[in-house]
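Below is one structure; the comments refer to it alone.
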2 protein chains.
Amino acid sequence: MSGLHLDIKDCGQCPIRHRAVCSRCEPDELETLESIKYYRTYEAGQPILWSGDHLEFVASVVTGIATLSQTMEDGRTQMVGLLLPSDFIGRPGRDSSPFDVVAVSDVTLCCFRRRPFEDLMISTPHIGNRLLEMTLDELDSAREWMLVLGRKTAREKIASLLLIVARRDASLRKNHPSDGMAFDLPLTREAMADYLGLTLETVSRQISALKKSEIIELQGKRRVIVPDLDALVAETGDDFDGGPIA
Amino acid sequence: MSGLHLDIKDCGQCPIRHRAVCSRCEPDELETLESIKYYRTYEAGQPILWSGDHLEFVASVVTGIATLSQTMEDGRTQMVGLLLPSDFIGRPGRDSSPFDVVAVSDVTLCCFRRRPFEDLMISTPHIGNRLLEMTLDELDSAREWMLVLGRKTAREKIASLLLIVARRDASLRKNHPSDGMAFDLPLTREAMADYLGLTLETVSRQISALKKSEIIELQGKRRVIVPDLDALVAETGDDFDGGPIA
DNA sequence: GCGCGGCCTTGACCAGGATCAAATAAGCTC
DNA sequence: GAGCTTATTTGATCCTGGTCAAGGCCGCGC
């Protein structure tokens with residue numbers, strides 16, 4: 001779910017390694033990428049971008065969690081994306097963000113100055129093609145989430161979110177999700193509510209209900225243990241949910 | 001809202017004219033586009049694609065209305081996009097659609113065979129860049145719709161949908177939306193419900209309520225008259241809704 | 001004209017989640 | 001460890017929108 005995705009892996013060139021962008025890059029292109037790259041850090045709770053802000057960079061998340069959201073004047077807010085390490089921030093060709101980006105935990109971004117990045121994209125078709133692919137993935141994720149928001153019950157929504165976090169966590173750690181997996185919830189109850197179109201009280205109640213049904217166990221407030229992944233999947237209302245970990 | 005958007009305008013070359021794709025094309029590229037182009041028609045209610053189907057073409061809607069949706073096993077369905085004339089169907093680089101596409105009215109598509117279209121895209125960066133731009137627009141629309149699904153009341157949802165249809169209709173006709181606009185609802189109450197995450201009864205009730213509040217007038221079941229567009233905008237809950245007609 | 005089948009509206013009732021309120025737990029500062 | 005603050009849980013009550021059911025409207029075929 002969400003955030004244009006760049007694999008962060010060793011390509012033998014970048015200190016922070018954007019394999020997907022640079023694996024097919026020529027040395028001079030890599031040099032250009034290096035020359036327009038810099039790092040920024042944000043503390044938990046800090047805004048990274050407000051909607052409408054001028055965008056001076058595109059970036060990918062190196063560490064930490066950020067959210068993409070929009071807020072109505074009366075304060076109702078809806079999260080539209082969850083940005084985890086390796087997700088991409090920014091819109092090549094656009095000079096402002098239509099959404100707010102907020103650091104949920106401490107966040108480190110690897111930024112590329114926007115103009116030169118766009119120039120590179122235009123002169124280097126495989127970068128543009130990769131971005132198109134990532135954007136199409138994002139679009140699919142967004143549309144899948146619409147089903148969650150529009151048609152699922154509170155319990156199904158919570159199960160869907162837990163599953164996404166569980167899978168994402170497992171794929172980062174290369175765990176086998178065979179049976180028995182544990183992970184930390186990166187979000188407060190309120191942030192979960194904003195993601196799911198619920199109130200924080202309902203989120204709390206449904207998490208308690210899933211615990212009572214022994215679908216999940218809790219260690220403290222944030223750590224979740226899923227003894228049987230299939231049982232969790234069954235709670236989402238989908239029969240099989242977007243395939244394996246991916 | 002939704003569907004990759006290709007302007008259908010006269011570029012002096014195509015019978016059905018994809019200005020956005022071909023305005024920067026060289027004659028030989030146009031010739032290629034022509035050679036891989038064909039038309040298909042579907043009757044109202046017919047499926048165009050089932051989710052998972054092999055995709056043999058990308059296409060743009062010439063006439064009629066189609067919807068993009070997903071359905072859970074128990075029958076709950078959520079529409080994730082509304083495809084109006086000039087909208088784009090298909091996913092370059094993907095060989096199956098993750099969603100169902102259904103003709104709501106009689107539909108004519110202008111199709112391009114997928115493989116050669118992709119080849120052309122790879123050899124012709126401006127087509128890929130245009131597709132990236134369209135996809136980013138789609139993604140923004142999808143995310144804006146998440147706010148509607150997750151946080152708006154039934155009345156606000158209806159108003160939001162009416163506004164989208166009104167604006168889209170106006171922009172196709174080049175009307176001035178100054179004051180007093182009229183349009184036909186392209187969707188049944190049930191389809192509106194599926195788009196908005198409501199039931200058809202609630203849709204019907206809220207439309208009646210808007211009529212009673214004199215925000216809209218009805219001629220028959222489908223034709224809507226909006227005497228004061230600002231009054232409708234006020235019902236959406238947004239202060240200003242994604243800017244002017246766009 | 002009559003009957004039929006879609007589509008739409010309206011009513012009565014119900015329930016899932018929101019709202020309001022309070023208590024509990026977990027950090028953090030000093 | 002006492003006293004904050006903030007996150008979370010839980011309870012009581014309310015209300016929006018869902019569910020179930022009955023009619024109305026309209027076009028269409030005969």
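A, B, ... follow the sequence lines: proteins, then strands. Residue 1 opens every chain.
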Which whole-number value in Å describes the distance from [X] [atom1] to [N] [atom2]?
{"X": "B:K212", "N": "C:dT9", "atom1": "NZ", "atom2": "P", "answer": "13 Å"}
{"X": "A:L200", "N": "C:dG17", "atom1": "CG", "atom2": "C1'", "answer": "13 Å"}
{"X": "B:L196", "N": "D:dG18", "atom1": "CG", "atom2": "P", "answer": "10 Å"}
{"X": "A:L218", "N": "C:dA26", "atom1": "CG", "atom2": "C1'", "answer": "15 Å"}
{"X": "A:Q206", "N": "D:dT9", "atom1": "CD", "atom2": "C1'", "answer": "13 Å"}
{"X": "A:E190", "N": "C:dA18", "atom1": "CD", "atom2": "P", "answer": "13 Å"}
{"X": "A:R222", "N": "D:dT6", "atom1": "CZ", "atom2": "P", "answer": "15 Å"}

Legend entry - Minimum heavy-atom distance A:M181-A:L229, with the two atoms named: SD-CD1, 3.6 Å
Legend entry - Any donor-acceptor N or O pair under 3.5 Å, side chains A:T108, A:T41: no
Inset, instruction - Kindly determine whether A:D100 and A:S69 satisfy side-chain hydrogen bond (donor to acceptor under 3.5 Å, both in side chains), including the steps that lead there. - result: CA-CA 5 Å; A:D100 303 327; A:S69 61; 4.7 Å; no
Would you tabulate the nitrogen or oxygen pairs shorter than 3.5 Å linking the protein to nucleotides 14-16 of chain C?
none

Can I get a per-line list of side-chain donor-acceptor pairs under 3.5 Å for residues 42-53 of chain A, giving both atom names and the distance, sequence neighbours left out?
from  : atom 1 : to    : atom 2 : distance (Å)
A:Y42 : OH     : A:R40 : NE     : 3.3
A:Q46 : OE1    : A:E43 : N      : 2.9
A:D53 : OD2    : A:W50 : N      : 2.9

N/O to N/O distances under 3.5 Å, protein versus nucleotides 19-25 of chain D:
from   : atom 1 : to     : atom 2 : distance (Å)
D:dT19 : O4     : B:R205 : NH2    : 2.8
D:dC20 : N4     : B:E201 : OE2    : 3.2

Inset, instruction - May I ask you to evaluate whether A:S208 reaches the phosphate of D:dT10, defined as a side-chain N or O under 4.0 Å from OP1 or OP2? - result: yes
[X] and [Y] ion-paired at < 4.0 Å:
{"X": "B:D74", "Y": "A:R151", "answer": "no"}
{"X": "B:R94", "Y": "A:D137", "answer": "yes"}
{"X": "A:D184", "Y": "A:K221", "answer": "no"}

Inset, instruction - Would you mind classifying the nucleic acid contact of A:L198 as base, sugar-phosphate or nothing, using non-hydrogen atoms under 4.0 angstrom? - result: sugar-phosphate
Inset, instruction - Report the residue from B:E156, B:K152, B:R155 that forms a side chain to side chain contact (heavy atoms under 4.5 Å, CB included) with B:T236. - result: B:K152
Inset, instruction - For the pair A:S213 (side chain) and A:A209 (backbone), establish whether a donor and an acceptor sit closer than 3.5 Å, ignoring hydrogens and angles. - result: yes
